[in-house]
Colleague: 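Here it is, the structure in full.
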There are 2 protein chains.
Amino acid sequence: MHFANYVEERGRPLSLGRGEHLFRQGDTSGSVYVLREGLLKAYYLSDDGRENIKSFIQPGELIASLAAVYTGEDCSFGVVCLEPSLIVELDFDALLAETRRDLVLAAEMLEHLLDFSMKKERREREFLTDSAETRYRVLMGRSPELFDQVTQKDIARYLGITPVALSRIRKRSAES
Amino acid sequence: MHFANYVEERGRPLSLGRGEHLFRQGDTSGSVYVLREGLLKAYYLSDDGRENIKSFIQPGELIASLAAVYTGEDCSFGVVCLEPSLIVELDFDALLAETRRDLVLAAEMLEHLLDFSMKKERREREFLTDSAETRYRVLMGRSPELFDQVTQKDIARYLGITPVALSRIRKRSAES
DNA sequence: CATTGGCGTTAACCCGGGTTAATGCGTCCT
DNA sequence: AGGACGCATTAACCCGGGTTAACGCCAATG
């Protein structure tokens with residue numbers, strides 16, 4: 001069975017309004033979510049209340065706390081809705097069990113994971129090798145839509161800097 | 001078939017001495033490598049010659065440039081041997097083809113990829129939320145062996161800072 | 001044995017980003 | 001309309017890490 005069909009058959013549709021949470025950091029969760037429409041934000045909350053953004057989730061993408069669904073830990077991050085969203089919820093254990101019976105599904109899950117891994121590798125690389133300013137320019141080039149969809153504050157927290165620092169970077173690049 | 005058996009049957013053994021490369025940044029590569037024994041270092045080289053370390057590979061771990069083997073791009077990083085190593089080389093396309101026929105192998109590949117993804121997520125998170133000093137302390141707690149195996153320079157480049165900065169951090173934590 | 005070269009440490013100086021705070025601007029609420 | 005709130009900008013100050021360079025040490029090499 002193809003993943004799309006599996007989602008169709010076994011998924012539970014969900015609809016979230018701006019500001020509502022799909023799950024929160026510290027929750028337990030056994031679900032994987034597919035975003036159909038809207039926009040989500042995955043973020044870490046540190047002890048002192050600071051927010052760092054792990055990723056923005058666009059329609060068509062999957063989101064789950066791997067540590068939570070796969071090893072049973074608490075969610076290491078939360079997911080909140082930035083724009084009214086349509087989401088489909090899947091039970092991870094059932095999905096994993098199905099991949100053990102279905103070659104087509106297993107192959108597609110492998111593809112998804114490979115894509116996911118490559119994205120994570122790219123982001124890891126950017127943090128390791130690029131300055132904040134470079135990361136900003138790369139992001140602008142790759143996902144200009146983001147700048148219309150989310151606040152500059154969230155962009156900054158995604159880049160790993162403060163809103164103040166991002167404002168300075170923008171000023172610098174506007175001048176040059 | 002189990003992955004271990006597949007490696008046994010289809011893998012080509014390789015042996016590398018200190019300083020030899022498994023592959024270099026910019027190479028094309030269609031292989032996945034399993035480290036049997038020894039120690040490898042995966043690193044990015046920036047235009048100005050600066051080296052940033054993506055990861056150290058310990059016995060039992062897999063290494064490949066996903067972008068290279070999966071999408072056919074050039075390797076975005078290189079892998080060099082830090083200690084005399086025994087390695088087994090696998091053809092990625094053949095492995096992927098086999099997972100499309102073999103449920104057991106597919107399931108095991110999924111597990112490997114899930115583990116890999118979780119590692120990448122953790123490192124991404126550390127860069128996003130922790131200071132260099134915290135990253136150093138976490139690494140010391142998690143992998144103390146590393147400090148005997150590799151130079152302080154390489155540890156620093158893995159943490160995303162310069163050797164000078166790491167030396168200062170160590171001095172600070174020794175004083176306190 | 002002397003030389004070379006890489007590593008770790010330390011110091012001095014610089015710079016980018018963090019912090020705090022003030023200001024101005026929209027948006028939402030009543 | 002009037003407040004209240006959050007966001008973006010800007011300034012002033014601080015601090016951690018980058019850069020450069022000097023020094024001592026050790027291992028490899030002639």
Side-chain angles (χ1 to χ4, degrees), chain A residues 17-20 39 41 43-53 56 80-84 126-140 144 146-176, chain B residues 17-20 39 41 43-53 56 80-84 126-140 144 146-176:
Chain A
R18 242 184 278 271
E20 289 188 283
L39 181 64
K41 159 174 104 172
Y43 66 102
Y44 299 109
L45 218 46
S46 31
D47 308 329
D48 56 1
R50 199 178 296 352
E51 178 178 319
N52 287 98
I53 296 181
F56 300 103
V80 67
C81 183
L82 294 184
E83 282 175 23
E126 286 170 352
F127 274 117
L128 189 57
T129 67
D130 298 344
S131 68
E133 181 157 356
T134 303
R135 293 202 299 278
Y136 167 71
R137 274 189 278 106
V138 169
L139 183 64
M140 274 201 67
L146 263 189
F147 290 77
D148 307 324
Q149 299 179 314
V150 311
T151 62
Q152 205 164 301
K153 177 172 168 283
D154 278 350
I155 302 267
R157 291 309 184 186
Y158 175 76
L159 293 171
I161 59 179
T162 60
V164 179
L166 179 54
S167 181
R168 284 192 289 235
I169 288 174
R170 281 165 54 82
K171 194 185 178 192
R172 283 205 299 269
S173 43
E175 279 166 356
S176 65
Chain B
R18 241 183 278 271
E20 289 188 282
L39 181 65
K41 160 173 104 172
Y43 66 102
Y44 299 109
L45 219 46
S46 30
D47 307 330
D48 57 0
R50 200 179 296 347
E51 178 178 320
N52 287 96
I53 296 181
F56 300 104
V80 67
C81 183
L82 294 184
E83 282 174 23
E126 287 170 352
F127 275 118
L128 189 58
T129 67
D130 298 344
S131 67
E133 181 158 355
T134 303
R135 294 202 299 277
Y136 168 70
R137 275 189 279 105
V138 168
L139 183 64
M140 272 202 67
L146 262 190
F147 291 77
D148 307 325
Q149 297 180 314
V150 312
T151 63
Q152 204 163 302
K153 176 170 168 286
D154 278 350
I155 301 268
R157 291 310 184 186
Y158 175 76
L159 292 172
I161 58 179
T162 59
V164 179
L166 179 54
S167 182
R168 283 191 291 236
I169 288 174
R170 283 164 55 81
K171 194 185 178 194
R172 282 205 298 270
S173 43
E175 279 166 358
S176 62

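Owing to the predicted nature of the structure, the values given are computational and were not obtained by experimental measurement. Lettering follows sequence order; numbering is per chain, from 1. The basis for the numbers below is simple: all heavy atoms, side chains too, and nothing from hydrogens, waters or symmetry mates.
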Colleague: Relative to the 5' end of DNA chain C, which residue comes earlier, A:Arg157 or B:Gln152, by the nucleotide with the nearest heavy atom?
Modeller: B:Gln152

Colleague: Compare all side-chain heavy atoms of A:Val80 with those of A:Arg18 and state whether any distance is below 4.5 angstrom.
Modeller: no

Colleague: Kindly indicate whether the side chain of B:Ile169, heavy atoms from C-beta on, has any atom under 4.5 Å from the side chain of B:Ile161.
Modeller: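 Yes, at least one pair of side-chain atoms sits under 4.5 Å.
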
Colleague: For the side chain of A:Thr162, counting heavy atoms from C-beta on, which of D:dG18, D:dT10, C:dT19 is nearest?
Modeller: C:dT19

Colleague: To the nearest 0.5 angstrom, please state how far the CZ atom of A:Arg137 sits from the CG atom of A:Leu159.
Modeller: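 Taking CZ in A:Arg137 and CG in A:Leu159, the distance rounds to 12.0 Å.
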
Colleague: What is the distance, rounded to the nearest whole Å, between atom CG of B:Asp130 and atom P of D:dG17?
Modeller: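 So the CG-P distance, B:Asp130 to D:dG17, works out to 12 Å.
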
Colleague: Give the rounded distance in Å between these two atoms: CZ of B:Phe147 and P of C:dG8.
Modeller: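 The answer, rounded to whole Å, is 12 Å.
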
Colleague: Within the sub-3.5 Å range, which N or O atoms of nucleotides 28-30 of chain D have a protein N or O partner, and how far apart are they?
Modeller:
none

Colleague: Can you give one letter per nucleotide of nucleotides 22-30 of chain C, 5' to 3': B if a protein heavy atom sits under 4.0 Å from the base, S if only from the sugar-phosphate, - if neither?
Modeller: ---------

Colleague: Distance check needed: C:dG16 C1' versus A:Ile169 CD1, whole Å only.
Modeller: 9 Å

Colleague: Which nucleotide in the list C:dT19, D:dC7, D:dT19 gets nearest to the side chain of A:Thr151?
Modeller: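 So the nucleotide nearest the side chain must be D:dC7.
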
Colleague: Nearest to the A:Arg172 side chain among C:dC7, C:dG17, C:dT9, which nucleotide is it?
Modeller: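 Comparing C:dC7, C:dG17, C:dT9 against the side chain of A:Arg172, the answer is C:dG17.
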
Colleague: So, do B:Glu126 and B:Thr134 sit near enough that their side-chain heavy atoms are less than 4.5 Å apart?
Modeller: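 No; the side chains remain at least 4.5 Å from each other.
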
Colleague: Is there side-chain contact between A:Lys41 and A:Arg157, with heavy atoms separated by less than 4.5 Å?
Modeller: no

Colleague: Between B:Leu139 and B:Arg135, is there a side-chain heavy-atom distance shorter than 4.5 Å?
Modeller: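 No - every pair of side-chain heavy atoms lies 4.5 Å or more apart.
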
Colleague: Check whether any side-chain N or O of B:Arg50 sits under 4.0 Å from OP1 or OP2 of D:dT19, and answer yes or no.
Modeller: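 For B:Arg50, the contact criterion (side-chain N or O under 4.0 Å from OP1 or OP2 of D:dT19) is met.
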
Colleague: Let me see the working for A:Thr129 and B:Arg50 under side chain to side chain contact (heavy atoms under 4.5 Å, CB included), right down to the final yes or no.
Modeller: CA-CA 9 Å; A:Thr129 67; B:Arg50 200 179 296 347; over 6 Å; no

Colleague: Could you tell me if the side chain of B:Leu39 sits less than 4.5 Å from the side chain of B:Val150, heavy atoms only?
Modeller: yes

Colleague: Would you indicate which nucleotide in D:dA8, C:dG18, D:dG18 comes nearest to any side-chain atom of B:Ile161?
Modeller: D:dG18

Colleague: On a heavy-atom basis, which atom in B:Gly160 and which in A:Leu128 lie closest, and how many Å separate them?
Modeller: CA-CD1, 3.8 Å

Colleague: Produce the list of close N/O pairs, under 3.5 Å, pairing protein atoms with atoms of nucleotides 11-14 of chain C; give distances to one decimal.
Modeller:
residue	atom	partner	partner atom	Å
C:dA12	N6	B:Arg168	NH1	3.2

Colleague: May I have the distance from A:Phe127 (atom CZ) to D:dG17 (atom C1'), rounded to whole angstrom?
Modeller: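 From A:Phe127 CZ to D:dG17 C1': 17 Å.
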
Colleague: Compute the bend angle of the helix from C:dC1-D:dG30 to C:dT30-D:dA1 from the end axes (five pairs per end), rounded to 10°.
Modeller: 30°

Colleague: Nearest 0.5 Å please: distance from the NZ atom of B:Lys153 over to the CG atom of B:Leu166.
Modeller: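 Here the rounded value is 12.5 Å.
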
Colleague: Nearest whole Å is fine: how far is C:dC7 P from B:Asp154 CG?
Modeller: 8 Å

Colleague: Let me know the distance between CZ of B:Arg170 and C1' of C:dC7, rounded to the nearest Å.
Modeller: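 Result: 12 Å.
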
Colleague: Rounded to whole angstroms, how far apart are CD on B:Glu51 and C1' on C:dG6?
Modeller: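 Distance, rounded to whole Å: 13 Å.
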
Colleague: Under the ring pair (Phe, Tyr, Trp, His ring centres under 6.0 Å) test, which residues partner B:Phe127, sequence neighbours left out?
Modeller: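 Expected list: none.
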
Colleague: Would you find more than 12 non-hydrogen atoms of other residues, nucleotides or ligands less than 6.0 Å from B:Asp47 atom CG?
Modeller: no

Colleague: For B:Leu166 and D:dT19, give me the distance from atom CG to atom P, rounded to whole Å.
Modeller: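 It works out to 15 Å between those atoms.
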
Colleague: Between D:dT19, D:dT10, D:dG17, which one does the side chain of B:Ala165 approach most closely?
Modeller: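 When the side chain of B:Ala165 is considered, D:dG17 is the closest of D:dT19, D:dT10, D:dG17.
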
Colleague: Where is the tightest heavy-atom contact between A:Asn52 and A:Ser46, given as atom of each residue plus distance?
Modeller: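 Looks like OD1-OG, 4.4 Å.
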
Colleague: For A:Phe56, which residues count as a ring pair (Phe, Tyr, Trp, His ring centres under 6.0 Å) partner, sequence neighbours excluded?
Modeller: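 Once residues adjacent in sequence are excluded, the partners of A:Phe56 under the ring pair (Phe, Tyr, Trp, His ring centres under 6.0 Å) criterion are A:Tyr158.
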
Colleague: CZ of B:Phe147 to CZ of B:Arg170: how many Å apart, nearest 0.5 Å?
Modeller: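 Answer for the CZ-CZ pair, B:Phe147 versus B:Arg170, is 7.5 Å.
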
